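Below, all heavy atoms of this structure are taken into account, side chains as well, without hydrogens, waters or symmetry copies. In this text, all values refer to a predicted model and were calculated from it rather than measured experimentally.
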Amino acid sequence: MQENIIPHNFNTTPEQRSGLKNHKPLLLWFTGLSGSGKSTIANAVEMALVKEGVHTYTLDGDNVRKGLNSNLSFSPEDRSENIRRIAEVSSLMLDAGLVVLAAFVSPYARDREQVKQIAGYSNVMEIFVNTPIDECERRDVKGLYAKARAGEIQNFTGVNAPYEAPVAPDLQIDTVNTSVEEAVAIIIALVNKKIKQ
Ligand SMILES: Nc1ncnc2c1ncn2[C@@H]1O[C@H](COP(=O)(O)OS(=O)(=O)O)[C@@H](OP(=O)(O)O)[C@H]1O
Ligand SMILES: Nc1ncnc2c1ncn2[C@@H]1O[C@H](COP(=O)(O)OP(=O)(O)O)[C@@H](O)[C@H]1O
């Protein structure tokens, strides 16, 4: 299928695009259960970065599963395709010089590994938002755990579908003992080390 696809050599390089900004590109990949705090923390981190003049873009369920990936379900195969497409989009945004924040459950280790392969290992910071299921279920922000327990949602991560916790993430945030403000400070310190060398 790919054999007749011959890329054009464009003269403008990712380095030139990135050079127009006062920072390097980076992909912050937030993974964790539904309700763990991925969107809340990504949102607060993006606000802090924008305040510092960093050019960002956030990818999460709302702008991806309702648009680009609206044809995908929560089967293991469709979740993999969801993550693959998000990784490809993130990779384009890295080429454009942005700091990308991606907040997805991304429950399978092999899919998260593929993100790093697609975007480049040194471009990805994997952040495990490590909130126990009991706490996510207590929060039940969207009422989905109650529905899943009632048998109204199939393949719900943590209830009747697996979550493979990262073994060696770049960062791990325990949201039971770390406030959003503290999490932002920890993440921003690490991000600045990478993007402002
Ligand atoms: N079956 C099932 N399992 C998990 N989550 C479900 C499911 N059905 C709907 N939702 C809602 O969809 C959000 C997860 O979408 P993602 O694209 O992040 O999932 S995945 O990475 O493809 O696994 C997730 O959003 P967050 O709560 O923001 O994580 C849920 O609100
Ligand atoms: N320390 C914390 N970090 C992140 N979220 C927290 C924290 N403490 C409580 N919360 C709450 O937990 C919920 C997390 O929801 P959300 O960010 O939508 O999770 P996710 O995107 O992982 O589904 C929010 O209502 C948020 O206010």
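- The distance from atom CZ of Arg110 to atom OG of Ser80, rounded to the nearest 0.5 Å, is 4.5 Å.
- Here the shortest heavy-atom pairing between Ala146 and Asp140 reads N-OD2, 3.0 Å.
- Atoms CG and OG, on Leu98 and Ser18 in that order, are 9.5 Å from each other to the nearest 0.5 Å.
- Under a hydrophobic-cluster definition in which Ile, Leu, Val, Met, Phe, Trp and Tyr are linked whenever side-chain heavy atoms come within less than 4.5 Å, directly or via other members, Ile41 and Val54 are assigned to the same cluster.
- Between the CD atom of Glu137 and the CG atom of Leu144 there is a distance of 11.0 Å, given to the nearest 0.5 Å.
- Using a 4.5 Å cut-off on side-chain heavy atoms (C-beta onward), Gln172 and Pro166 make no contact.
- Val99 and Leu27 sit in two unconnected hydrophobic clusters of ILVMFWY residues. Membership requires side-chain heavy atoms under 4.5 Å apart, directly or through other members.
- Here Met125 contributes atom CE and Lys193 contributes atom NZ; the two are 9.5 Å apart, rounded to the nearest 0.5 Å.
- Hydrophobic clustering (ILVMFWY, side-chain heavy atoms < 4.5 Å, transitive): Val115 and Val89 are in one cluster.
- Heavy atoms only, all atoms of each residue included: His23 and Gly97 are closest at CE1-O, 3.4 Å.
- Using bins of under 30°, 30° to 60° and over 60° for the plane-to-plane angle, the ring pair Tyr163/Phe128 lands in the parallel bin.
- Ser36 approaches Val129 most closely through the heavy-atom pair O-CG1, 3.4 Å.
- For the pair Tyr145 (side chain) and Ser34 (backbone), a donor-acceptor distance under 3.5 Å is present.
- Taking the side chain as every heavy atom from C-beta outward, Thr40 and Thr175 never approach each other to under 4.5 Å.
- Of all heavy-atom pairs between Asn11 and Gln16, the closest is O-OE1, 3.4 Å.
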**OP:** Go through the steps for Glu135 and Arg138 under the test salt bridge (charged side-chain N to carboxylate O under 4.0 Å, His left out), then give the verdict.
**Re:** CA-CA 5 Å; Glu135 174 63 12; Arg138 192 189 63 72; 2.8 Å; yes
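- Remark: side-chain polar atoms of Asn160 are paired, donor with acceptor, to backbone N or O of Asn155 under 3.5 angstrom.
- For the side-chain contact (heavy atoms from CB on, under 4.5 Å) criterion with Leu49, the lone passing option out of Val191, Ile187, Leu26, Val184 is Val191.
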Side chains of residues 56-66: which donor-acceptor partners sit under 3.5 Å, not counting sequence neighbours?
{"from": "Thr56", "atom 1": "OG1", "to": "Glu46", "atom 2": "OE2", "distance (Å)": "2.7"}
{"from": "Thr58", "atom 1": "OG1", "to": "Glu46", "atom 2": "OE1", "distance (Å)": "2.7"}
{"from": "Thr58", "atom 1": "OG1", "to": "Glu46", "atom 2": "OE2", "distance (Å)": "3.4"}
{"from": "Asp60", "atom 1": "OD1", "to": "Asp62", "atom 2": "N", "distance (Å)": "3.1"}
{"from": "Asn63", "atom 1": "OD1", "to": "Asp60", "atom 2": "N", "distance (Å)": "3.0"}
{"from": "Asn63", "atom 1": "ND2", "to": "Thr58", "atom 2": "O", "distance (Å)": "2.9"}
{"from": "Arg65", "atom 1": "NH1", "to": "Leu72", "atom 2": "O", "distance (Å)": "3.1"}
{"from": "Arg65", "atom 1": "NH1", "to": "Ser73", "atom 2": "O", "distance (Å)": "3.2"}
{"from": "Arg65", "atom 1": "NH2", "to": "Ser73", "atom 2": "O", "distance (Å)": "3.4"}

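- A heavy-atom distance below 4.5 Å is found between the side chains of Glu52 and Lys196.
- Taken to the nearest 0.5 Å, the OG1 atom of Thr178 stands 6.0 Å off from the CD1 atom of Ile173.
- Proximity of Asp170 to Ile127: side-chain heavy atoms (C-beta onward) are nowhere separated by under 4.5 Å.
- Cation-pi geometry between Arg84 and Tyr108 is not met at under 6.0 angstrom from the ring centre and within 45 degrees of the axis.
- Looking only at distances, no side-chain donor or acceptor of Lys38 sits under 3.5 Å from a matching main-chain atom of Ala102.
- Within the 4.5 Å cutoff, the side chain of Tyr121 has heavy atoms near those of the Glu113 side chain.
- Between Val141 and Gly35, the shortest heavy-atom distance links the atoms CG2-CA, 4.4 Å.
- Side-chain heavy atoms closer than 4.5 Å link hydrophobic residues (I, L, V, M, F, W, Y) into clusters, and following such links, possibly through other members, connects Ile86 to Val100.
- Between Asn123 atom CG and Ile118 atom CD1 the span is 12.5 Å, to the nearest 0.5 Å.
- In this structure, Ile83 and Arg112 have side chains that are not in contact, with every pair of non-hydrogen atoms separated by 4.5 Å or more.
- Side-chain contact between Phe156 and Phe74: absent, with no pair of heavy atoms (C-beta onward) separated by less than 4.5 Å.
- Salt-bridge annotation for Lys116 and Glu126: present, with a side-chain N of the basic residue lying under 4.0 Å from a carboxylate O of the acidic one.
- Of all the heavy atoms in Pro162 and Pro107, the pair that sits closest is O-CB, 3.4 Å.
- Tracing side-chain contacts under 4.5 Å through hydrophobic residues (I, L, V, M, F, W, Y), one never reaches Val105 starting from Leu101; they form parts of separate clusters.
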